[in-house]
Amino acid sequence: MRPAPTILHLDMDAFYASAEQAAKPSLRGKAVVVGGLGPRGVVATASYEARVLGVHSAMPTAQARRLAPNAAYLVPRFSLYRSVSEQVMELLGRLSPLVEPLSLDEAFVDLEAGGVADDTVSARRTGERLRTAIREVTGLNGSVGLAGSKMLAKIASEQAKPDGLVLIEPGTERELLAPMSVRTLPGVGPATGDHLRRAGMTTVNDLAEAGEAELVRLVGKAHGHGLYRMALGLDDRPVVAERDAKSVSVEDTFDVDLHDRVRVRAEVERLAVRCVERLRSADRSGRTVVLKVRRYDFSTLTRSETLRGPTDDPTVVREAAARLLEAVDTTGGVRLLGVGVTGLADFTQEDLFAQAADARERAARAEVSEKPVAEDSKPVEEEPESAEQLVGRRWPAGHDVRHTAHGHGWVQGSGVGRVTVRFEEPGGPVGRVVTFRVDDPELSPADPLPLVRDPVDYSSWPASLPKSRSGPVSAAGGESRP
């Protein structure tokens with residue numbers, strides 16, 4: 001534990017949904033739900049207006065539609081979210097060399113390591129200015145928590161939501177944590193929380209009073225020891241600048257179970273290529289290819305194959321994934337497929353071509369060994385997508401388009417051979433709605449526009465920051481909101 005609240009935790013507020021509201025003037029102040037829109041879609045993020053109606057992340061989209069039928073349901077635009085995240089992370093990197101990203105919209109920052117804070121006053125001032133900088137550069141709001149440890153900084157940022165700042169003074173941890181639910185502590189999920197509840201422990205104070213020996217008896221030595229320390233407010237974990245990824249993976253859930261074996265293999269190969277694209281974007285390679293298959297009955301199977309060396313070759317990964325699929329029974333249908341690569345490295349095996357050649361040779365031998373096909377037999381054709389599925393894939397709800405006459409807009413919806421577009425841009429007025437044929441030659445997909453056209457220049461951050469527009473912040477547990 002530090003004697004000053006110099007560990008900062010930033011959490012962007014309803015990040016995906018807020019970015020969509022900022023990009024689309026017609027959605028300001030309205031319920032917005034971002035996620036998969038198919039029958040098996042899941043909510044990724046809901047705006048605060050949607051949360052009031054009971055919608056939350058990880059909820060099935062079908063259930064969200066029942067709770068908020070009038071909300072705007074949009075397909076994620078990860079290219080936009082990544083670009084905004086890069087702007088935010090750049091600001092954090094100017095504060096300190098020790099920035100630990102947890103996701104696109106969340107990170108820890110060691111302010112002391114950057115020399116921008118060494119006590120309560122300087123930490124509070126830096127947190128306020130950070131929130132101002134983020135708002136002026138991205139147009140979005142972020143909540144900030146400040147404390148002497150990572151655990152408490154994260155708890156503080158959660159208390160600060162939405163759009164606030166909470167600072168926990170060192171020395172007040174026990175008093176602050178005591179009445180909180182045991183689920184507040186890191187590592188206490190539903191199962192552990194229920195186990196502790198049955199033992200009569202529902203608050204953090206209950207854990208502290210139970211003692212380390214009792215917690216070890218209940219949840220095991222390693223977990224019990226850590227749980228007791230956290231209940232006392234003790235957390236010595238440092239902010240780590242680079243969190244080394246252990247794997248890279250992609251997966252898709254299908255609206256309708258896949259039964260055609262040819263279609264299943266095609267999807268696996270497509271996912272393998274996407275996985276390699278992510279691998280390469282991270283400048284990594286991997287040695288073990290992993291296939292994940294969730295069948296119609298929700299049973300999930302994983303298969304893996306370890307190569308002779310690390311690779312980022314799409315042919316090698318694609319063919320390895322296809323071989324793994326041959327060992328999986330997909331009778332009855334497949335609802336989810338995933339391809340991943342583990343055993344990551346910063347280099348690739350020199351003999352990649354040999355790996356690919358070996359894979360092709362094994363595949364050729366297997367093909368020759370199969371029984372000959374009758375001359376009058378027909379090849380198995382891939383199950384075609386419906387017209388509605390094709391339209392939805394080309395014109396996803398919420399994605400950007402450009403029309404030669406009307407300019408930039410976004411897809412409000414599509415179906416029955418038509419696509420409806422609202423033509424508006426970030427920072428502008430609410431735009432008009434026009435409907436076109438899905439094959440209109442003047443309409444085409446487009447890249448997202450920046451949320452802020454002329455952002456404030458923070459290249460000199462943090463030496464010459466503009467004054468914060470945030471209000472005063474109290475000490476322990478205090479907060480400020482504009």
Side-chain angles (χ1 to χ4, degrees), residues 1-11 13 100 102 106 108-112 117-128 130-131 142-190 192-219 223-239 470-481:
M1 291 294 296
R2 295 186 177 183
T6 54
I7 293 182
L8 180 148
H9 181 259
L10 170 72
D11 197 351
D13 298 333
E100 183 178 338
L102 303 180
E106 185 180 0
F108 286 109
V109 185
D110 188 334
L111 301 180
E112 186 176 324
D118 56 9
D119 59 14
T120 297
V121 174
S122 56
R124 178 184 300 141
R125 182 174 60 248
T126 301
E128 291 174 339
L130 172 63
R131 292 179 56 231
S143 294
V144 167
L146 291 158
S149 70
K150 291 168 69 173
M151 178 186 74
L152 289 165
K154 185 171 176 60
I155 290 174
S157 69
E158 194 63 33
Q159 290 184 331
K161 284 184 169 293
D163 189 24
L165 182 151
V166 167
L167 183 150
I168 299 176
E169 286 278 13
T172 66
E173 300 90 355
R174 288 287 302 275
E175 181 182 356
L176 176 75
L177 289 171
M180 293 185 177
S181 166
V182 294
R183 292 287 306 277
T184 303
L185 301 180
V188 181
T192 302
D194 190 55
H195 186 59
L196 293 171
R197 181 186 59 78
R198 289 196 299 270
M201 303 177 194
T202 58
T203 68
V204 175
N205 187 60
D206 294 335
L207 301 181
E209 291 185 346
E212 182 175 358
E214 177 64 11
L215 294 178
V216 167
R217 186 186 69 81
L218 285 171
V219 299
H223 198 182
H225 174 70
L227 202 57
Y228 181 66
R229 284 182 55 81
M230 288 189 294
L232 298 179
L234 303 176
D235 176 21
D236 298 324
R237 293 175 299 158
V239 176
S470 300
V473 184
S474 63
E479 58 182 289
S480 69
R481 293 189 174 92

Please find the pair of heavy atoms, one from [X] and one from [Y], that lie closest to each other, and give the distance.
{"X": "P162", "Y": "S143", "value": "C-OG, 3.8 Å"}
{"X": "A231", "Y": "A208", "value": "CB-N, 3.9 Å"}
{"X": "A153", "Y": "A147", "value": "N-CB, 3.5 Å"}
{"X": "A117", "Y": "S122", "value": "CA-OG, 3.3 Å"}

Can you check whether [Y]'s main-chain N or O pairs, donor with acceptor, with [X]'s side chain at less than 3.5 Å?
{"X": "D206", "Y": "T202", "result": "yes"}
{"X": "D13", "Y": "D163", "result": "yes"}
{"X": "S181", "Y": "T184", "result": "no"}
{"X": "R183", "Y": "G193", "result": "no"}

Any non-hydrogen side-chain atom of [X] less than 4.5 Å from a side-chain atom of [Y]?
{"X": "M230", "Y": "P186", "answer": "yes"}
{"X": "L102", "Y": "F108", "answer": "yes"}
{"X": "L207", "Y": "L196", "answer": "yes"}
{"X": "Y228", "Y": "E214", "answer": "no"}
{"X": "L176", "Y": "E173", "answer": "no"}
{"X": "M201", "Y": "L218", "answer": "yes"}
{"X": "H223", "Y": "T192", "answer": "yes"}

In Å and rounded to the nearest 0.5 Å, what is the [atom1] to [atom2] distance from [X] to [Y]?
{"X": "I7", "Y": "R237", "atom1": "CD1", "atom2": "CZ", "value": "9.0 Å"}
{"X": "L167", "Y": "T120", "atom1": "CG", "atom2": "OG1", "value": "5.5 Å"}
{"X": "M151", "Y": "D236", "atom1": "CE", "atom2": "CG", "value": "10.5 Å"}
{"X": "L185", "Y": "I155", "atom1": "CG", "atom2": "CD1", "value": "6.0 Å"}
{"X": "T6", "Y": "D119", "atom1": "OG1", "atom2": "CG", "value": "9.5 Å"}
{"X": "M180", "Y": "L177", "atom1": "CE", "atom2": "CG", "value": "5.5 Å"}

Short N-O contact, R125 and E128, less than 4.0 angstrom: no
Electrostatic pair E212-R229, nearest N-O below 4.0 angstrom: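 No salt bridge links E212 with R229.
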Side chain to side chain contact (heavy atoms under 4.5 Å, CB included) partner of L146, the single match among L165, L152, V109, V166: L165
S157-D11 side chain donor-acceptor pair, cut-off 3.5 Å: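 No pair is found: no donor N or O on one side chain lies under 3.5 Å from an acceptor on the other.
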Any side-chain donor near an acceptor of the partner, H9 and E158, under 3.5 Å: no
Worked check of side chain to side chain contact (heavy atoms under 4.5 Å, CB included) between R2 and D110: CA-CA 11 Å; R2 295 186 177 183; D110 188 334; 2.5 Å; yes
